Amino acid sequence: MEQHDSRSTHRHEISIPSHSWSLDMLLRKLKAIELKRDDKLASVLDAVGEFGTFQWRLVALTLIPYGLLSFFMFSDSFVLTAQKPYCNTSWILKVGPNLSVAEQMNLTLPRAPDGSFQTCLMYIPVLWDLDSIIHFGLNYTETCRYGWIYPYAEKRSLINEFDLVCGNEPNKENMLTVFLAGFLTGSLFFGFLCDKIGRYPVFLMSLAGFLFFGFGTAFVKSFNQYLFFRFTTAQASQGYGISSSSLVMEWLVGEHRAHAIILQHCFLGLGIILLSEVATKTFHWRLVFLLAGAPLFPIISNIWVVRESPRWLMVKGKVDEAKKVLCYAAEVNKKTIPLNLLNELQPPAKKVKKVSILDFHTNQYHFKVVLTMACVWFSISYSFFTLNLKLKDCGIETYLIQIIPGILGVSARLYCIVLLENLGRKCTLFLNLILATISCFFLLFLTQELKSMVILMLVLGHFNMAASITVFFIYTCELLPTALSIHRESIDSKRKSQDVTAMMLSEESMSDIWVDDVAKNTILNTLPLKSEASGFSNTDLKEPSNGEEPSPDP
């Protein structure tokens, strides 16, 4: 009885609310251990092989489109090459068919005060012969009536293809807005489809979208068509990013998942470098999209090597199909899945409820995590595009504006591999965000006169921001798993309390978490109290002493 009183007094002295941070952290860790123990699919994936031929083919097939993705995403800067336009005055060739271009322009175009030909004005045509025109000259001007010519253009761009001059110039900010709107709608639409119909169908749809709209951009007949194809290509790019990353994350295990995502983002940077080289040497803007879309044909012809995510199939209750794709992967890897492991994959006893975005409203922890991530993603995206725009304001030529971020992106992602293995996701993300913030902070106070220092800060900021994007992408994918481990069936509270208590005392994986005697006593005392409050149990647990098992209080 005295022991009971002492224990009760101790409970009141060190009582910690059940919703305290330390207790919640430990309980979530224990729950994760329990879920991992019950995740039979993870055991089967281990038997399939961590990174065999099947996984290698899957990763290789997803890398190549990432390189081509750069052509579709960043080509605007190269296909909108500025051209010097002049009014088309070919009407004078009817009276002087042997005139050269220089003579034609000299007779039909007015000159600016500095002596150069005006670009958006022409002399009004007259019904005179050539000698009268040469002798008297033309005096009255008007805007270009018959279109424009580009006698000094070195390549064919959108500007001289669709005459985007003299009041018809495209607004690059609006073009970027259209493309980013495609990103936004593509994320919502294909994100929903990925969970609804599966990762593999969306993967196919995205590649088909690249082929039809990306490759098809080379055949548009107007600038409005070009904008529409750019919008749909942006949607397809988001669909591909979501579906390919989901397939990689759900087929691979361990650090292979992070390495695959890093390689995907590295290929995106390599694609930017390749785009910069190809586009500057290509004489026609349509050829850029033809070269980007051509490699998609052999990729789609080899799409049969990819299989649907087994985890998504398990979520949907398609256990037999999940077993088939797992056996296929094991066969490709020359592995054999033990029959007892395969038989443990069973459909849930109760139908898994449909996943909805409204589920975050009922789960405050997940809601806080998602809200925090959304804020971080917004800040990263805003800062990244701001740095890009700031780089353009420095007067750097288009080639360098594209190739510098490409080189920085590849090196930053390779540098992340070392940090992730030594510091982990959270510390690596924190370090890169802090360094990027410092660079952006210095840019607020640097004047344009210190151009070299401004460029240095832009380079450092872009480097750390590119690393932050990749690390946060991996962190997001791993922190928010599929619905299989968000909506797993729960056991009754009494059994869960007993299991959690036993696991805390015996689980070897908890050895890396520092828990002092006070925290242990708090958990031992709090869990039964929670059961009492819920009406499931009215018994208390004692701490074992002298090797004795805990027994109910008298």
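From a predicted model like this one, the values you see are computed outputs, not experimental measurements. Start at 1 with the first residue, then count along the sequence.
When all heavy atoms of A329 and V48 are compared, the pair lying nearest together is CB-CG1, 3.8 Å. The nearest pair of heavy atoms linking R199 to C194 is NH1-O, 3.0 Å. Between R286 and E161 the shortest heavy-atom distance is NH2-OE2, 2.9 Å. Among all heavy-atom pairs drawn from P310 and L45, the shortest one is CG-CD2, 4.4 Å. What you find for G409 and A466 is that their closest heavy atoms are CA-CB, 4.1 Å. E308 and V325 get closest at one heavy-atom pair: O-CG2, 4.0 Å.
In terms of modelled atom types and a separation under 3.5 Å, the side chain of W312 and the main chain of D195 share a donor-acceptor contact. In terms of modelled atom types and a separation under 3.5 Å, the side chain of E277 and the main chain of L275 share no donor-acceptor contact. For D163 (side chain) and I159 (main-chain N/O), no donor-acceptor pair under 3.5 Å exists by modelled atom type. The backbone N or O of R156 sits nowhere less than 3.5 Å from a side-chain atom of N160 that would complete a donor-acceptor pair. A donor-acceptor pair under 3.5 Å is formed between the side chain of T185 and the backbone N or O of G182. Between the side chain of E250 and the backbone N or O of R311, no donor-acceptor pair lies under 3.5 Å. No donor-acceptor pair closer than 3.5 Å links the side chain of T232 to the backbone N or O of F213. Judged by distance alone, with hydrogens and angles left aside, the side-chain atoms of R307 form no donor-acceptor pair with the main-chain N or O of F54 at under 3.5 Å. With N88 contributing its side chain and I149 its backbone, the two residues share no donor-acceptor pair below 3.5 Å. Here the side chain of Q55 pairs a donor or acceptor atom with the backbone of G52 at under 3.5 angstrom.
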* Chi angles and distances behind the side-chain contact (heavy atoms from CB on, under 4.5 Å) call for W148, N168 -> CA-CA 12 Å; W148 294 266; N168 298 322; 4.1 Å; yes

* To do: Report the C-alpha separation of L419 and N432 in whole Å, then their side-chain angles, then the decisive distance to 0.1 Å, and conclude whether the side-chain contact (heavy atoms from CB on, under 4.5 Å) test is met.
  => CA-CA 10 Å; L419 291 184; N432 283 288; 4.2 Å; yes

* Quick one: do F190 and Q235 satisfy side-chain contact (heavy atoms from CB on, under 4.5 Å)? Show the steps, please. => CA-CA 8 Å; F190 285 107; Q235 290 182 321; 4.2 Å; yes

* To do: Kindly indicate, with the supporting measurements, whether the criterion side-chain contact (heavy atoms from CB on, under 4.5 Å) is fulfilled by L68 and F210.
  => CA-CA 9 Å; L68 302 177; F210 278 149; over 6 Å; no

* Please assess Y415 against F463 for the test ring-ring contact (aromatic ring centres under 6.0 Å, His included), listing each intermediate value before the final yes or no. => CA-CA 10 Å; Y415 141 86; F463 179 88; 5.3 Å; yes

* Asked: Given the rule in the ring-ring contact (aromatic ring centres under 6.0 Å, His included) test, do Y150 and Y86 qualify, once you have shown the distances and angles that lead to the verdict?
  -> CA-CA 6 Å; Y150 306 85; Y86 298 99; 8.6 Å; no

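With I261 as the fixed residue, the side chain to side chain contact (heavy atoms under 4.5 Å, CB included) test singles out one of C416, C266, S245: S245. Across L63, V59, T62, L61, a single residue satisfies side chain to side chain contact (heavy atoms under 4.5 Å, CB included) together with S244, and that is T62.
A salt bridge does not link K84 with E154: none of the charged nitrogens is closer than 4.0 Å to a carboxylate oxygen.
Other residues, nucleotides and ligands place no more than 12 heavy atoms under 6.0 Å from the NZ atom of K324. Atom CD of E331 has 12 or fewer neighbouring heavy atoms from other residues, nucleotides or ligands inside a 6.0 Å radius. Within a 6.0 Å sphere centred on CZ of F385, other residues, nucleotides and ligands contribute 12 heavy atoms or fewer. Counted within 6.0 Å of CZ on F442, heavy atoms from surrounding residues, nucleotides or ligands total 12 or fewer; the atom is thus considered open. The local environment of CZ in F441 is sparse, with at most 12 non-hydrogen atoms from other residues, nucleotides or ligands closer than 6.0 Å.
F289 places a side-chain heavy atom less than 4.5 Å from the side chain of Y226. Considering only heavy atoms from C-beta on, C440 comes within 4.5 Å of L387 through its side chain. A heavy-atom distance below 4.5 Å is found between the side chains of S309 and L247. Considering only heavy atoms from C-beta on, R230 comes within 4.5 Å of S75 through its side chain. Side-chain contact between F78 and V278 is absent, with no heavy-atom pair separated by less than 4.5 Å. Taking the side chain as every heavy atom from C-beta outward, F473 and W377 approach each other to under 4.5 Å. Counting only heavy atoms from C-beta outward, the side chains of N171 and T177 never approach each other to under 4.5 Å. H259 is not listed as a side-chain neighbour of L420, based on a closest heavy-atom distance of 4.5 Å or more.
C166 has its SG atom within less than 2.5 Å of the SG atom of C120.
Once rounded to the nearest 0.5 Å, the distance linking CD1 of I474 with CD of E255 reads 8.5 Å. Here M314 contributes atom CE and L326 contributes atom CG; the two are 8.5 Å apart, rounded to the nearest 0.5 Å. Of the inter-residue distances, the one linking L263 atom CG with H256 atom NE2 reads 12.0 Å to the nearest 0.5 angstrom. Here H462 contributes atom NE2 and T386 contributes atom OG1; the two are 11.0 Å apart, rounded to the nearest 0.5 Å.
You'll find the ring centres of Y240 and F203 inside the 6.0 Å limit.
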